[in-house]
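Heavy atoms only: backbone and side chains are in, while hydrogens, waters and symmetry mates are out. Counting convention: from 1, in listed order, for ligands and their atoms alike. One is the number of the first residue; the rest follow in order along the sequence.
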Amino acid sequence: MPPNAIIAPSILSADFAQLGAECARTMDQGADWLHVDIMDGHFVPNITFGAPVVAKIRSHVDKPTENHGRGTFDCHMMIAEPKKWVKEFKKAGCDLYCFHYEAAFSSAAESPEQNTDEKTSPKALIRYIHDQGILAGIAIKPDTPVDVLWEILENPEEKERPDMVLVMTVHPGFGGQKFMASELPKVQELRKRYPELNIEVDGGLGPGTIDQAADAGANVIVAGSAVFGAKDPAEVIALLRKSVDERSQKL
Ligand SMILES: O=C(CO)[C@@H](O)[C@H](O)COP(=O)(O)O
Ligand SMILES: [Fe+2]
C-alpha cells in the first residue's frame, strides 16, 4: 500500500503581506506540510522569494520532529542553479529540497543528454542535499518523460536516491492553472514500480481533480488556489486527504 496522504498547501496562493500568519493558520486547518514555491525568473517566467523569507516564516511553524513529519517545509526549487542554493535554504529551515531534473545538469550542456559531468548529475546533487542533512526530491516538468527517473531511482547507493518524486501537473511558473490529466500515466507507472515512494503532484489539484490523481497513486498533494481560495480551507484539506487515503487502499 502507498504511504499515507500528505497534504501540502502551496503558499504561493497565500496573502504574501501576512505570510507568517497564513502559514500558521494553514497548519491549524489540518495541513501536513507547507509547499514553498521558489522561482528565480530564469528557470520559470516568474519570481517569488528567497531564503530570508523562508527563514522568517519558519519561525511561525513548528519544525518536524521526524523525516516527512508534520510541519515539513517542502521547498519546490524552480531555479536554474539548484546546487548553489542548497546550504542557504537548509539554513533557512528547508526540510525537503526538491529540485528540477531539467535544471540539475551543468549549465554548460545544452541538454541533459549532453551532460557527461558526474559532479553535476542529479544523483550527485541528491547526495549533496543529503550531506546537508535534509531530504531530497526530484521534480519533472510535463515535457519530461518519466523514464529519465528510472536510473536515478534504481541507484544502489541510498544516499543518491531521492526521498520523493514530484510530477508536475501544470507547466511550472504560476498558481491557478488547469490540471493536466495527461501527466497521470507517469504517476501510475511510478506507483506500479515503487509502492512505497512518496509521489507528489502539483498544479491544478482540488476537489474536482483529486480523485483522478489519487487513483493514479499520488500521495503527496499540493494545492494552492483550492486551499487558499476556499471558504472553508479545513474542509478542502480533509476532502483531499480522504480521497487519497480511500483510493490508496485499492491500489
Ligand atoms: O509549483 C507550482 C506552480 O509552478 C505550484 O505549486 C502552484 O503554486 C500550485 O498552485 P495551484 O495550481 O494549486 O493553484
Ligand atoms: Fe510547486
Participant: For ligand 1, which atoms sit closer than 4.0 Å to a heavy atom of G203?
Facilitator: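 Heavy-atom distances to G203 below 4.0 Å select 12 (O).
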Participant: Checking the N or O distance criterion of under 3.5 Å, is ligand 1 in contact with G173?
Facilitator: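 Yes - when backbone and side-chain N and O of G173 are compared with those of ligand 1, one distance drops under 3.5 Å.
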Participant: Do the charged groups of E160 and R127 touch, with an N to O distance under 4.0 Å?
Facilitator: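 Counted as a salt bridge, because a side-chain N and a carboxylate O are separated by less than 4.0 Å.
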Participant: Among protein heavy atoms, which sits nearest to atom 3 (C) of ligand 1, and what does the distance come to when rounded to 0.1 Å?
Facilitator: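 The protein heavy atom lying closest is F174 O, 3.4 Å.
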Participant: For atom 14 (O) of ligand 1, what is the nearest protein heavy atom, given as residue, atom name and distance?
Facilitator: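 Nearest neighbour among protein heavy atoms for atom 14 (O) of ligand 1, to 0.1 Å: S225 OG, 2.5 Å.
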Participant: Can you find an N or O of V222 that's nearer than 3.5 Å to an N or O of ligand 1?
Facilitator: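 Among all N and O atoms of V222, none is under 3.5 Å from an N or O of ligand 1.
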Participant: When you compare ligand 1 with S13, is there at least one nitrogen or oxygen pair between them that comes in under 3.5 angstrom?
Facilitator: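 N/O-N/O distance under 3.5 Å: no.
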Participant: Can you pull out the closest protein heavy atom to atom 13 (O) of ligand 1? Residue, atom name and distance to 0.1 Å, please.
Facilitator: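 Of the protein heavy atoms, G224 N, 2.7 Å lies nearest.
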Participant: Backbone N or O of A14 within a donor-acceptor pair of the E22 side chain at under 3.5 Å?
Facilitator: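 No; judged by distance alone, with no hydrogens or angles, the pair does not exist.
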Participant: Which angle, to the nearest 10 degrees, do you find at the Fe ion (ligand 2) between NE2 in H35 and OD2 in D202?
Facilitator: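 With the Fe ion (ligand 2) as the vertex, the angle is close to 90°.
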Participant: Report the nearest protein non-hydrogen atom to atom 10 (O) of ligand 1: residue, atom name, distance rounded to 0.1 Å.
Facilitator: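 Ranking protein heavy atoms by distance from atom 10 (O) of ligand 1, first comes G175 CA, 3.6 Å.
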Participant: Working to the nearest 0.5 angstrom, can you tell me the gap between R241 CZ and N219 CG?
Facilitator: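 Rounded to the nearest 0.5 Å, the CZ-CG separation comes out at 11.5 Å.
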Participant: Nearest N/O/S atom of D37 with respect to the Fe ion (ligand 2), by atom name, please.
Facilitator: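 Nearest N/O/S atom of D37: OD1.
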Participant: Can we say K186 and E183 salt-bridge, meaning some charged N sits less than 4.0 Å from an Asp/Glu carboxylate O?
Facilitator: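 Looking at E183 together with K186, the answer is yes, because their closest N to O distance falls below 4.0 Å.
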Participant: Assess, by modelled atom type and distance only, whether the side chains of D95 and H68 contain a donor and an acceptor separated by less than 3.5 Å.
Facilitator: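 Distance-only check fails for D95 and H68.
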Participant: For H76, what is the atom name of its N, O or S atom nearest to the Fe ion (ligand 2)?
Facilitator: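 In H76, the heteroatom (N, O or S) nearest the Fe ion (ligand 2) is ND1.
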Participant: Name the closest protein heavy atom to atom 7 (C) of ligand 1, giving the residue it belongs to and the distance to 0.1 Å.
Facilitator: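 Result: D202 OD1, 3.7 Å.
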Participant: I'd like to check which ligand 1 atoms, numbered from 1 as shown, lie under 4.0 Å from a non-hydrogen atom of H76.
Facilitator: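 Counting from 1, the qualifying ligand atoms are 1 (O).
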Participant: Nearest to atom 12 (O) of ligand 1, what protein heavy atom do you find, and at what distance?
Facilitator: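 The answer is G204 N, 2.8 Å.
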Participant: Can you name the atoms of ligand 1, numbered from 1 with element, that are less than 4.0 Å from a heavy atom of M39?
Facilitator: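 Selected atoms, number and element: 4 (O).
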Participant: Using the ring of each side chain (for Trp, its six-membered ring), is W150 parallel, tilted or perpendicular to Y194, with breaks at 30° and 60°?
Facilitator: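 If you compare the ring of W150 with that of Y194, the planes turn out tilted.
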Participant: To the closest 0.5 Å, what do you measure between CG (L184) and CD (E189)?
Facilitator: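 If I round to the nearest 0.5 Å, the distance is 13.0 Å.
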Participant: Between D74 and H76, does the side-chain hydrogen bond (donor to acceptor under 3.5 Å, both in side chains) criterion hold? Intermediate values first, please.
Facilitator: CA-CA 6 Å; D74 165 30; H76 178 192; over 6 Å; no
Participant: Establish, from distance only, whether the side-chain atoms of S243 and D211 form a donor-acceptor pair under 3.5 Å.
Facilitator: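 Indeed, the side chains of S243 and D211 share at least one donor-acceptor pair under 3.5 Å.
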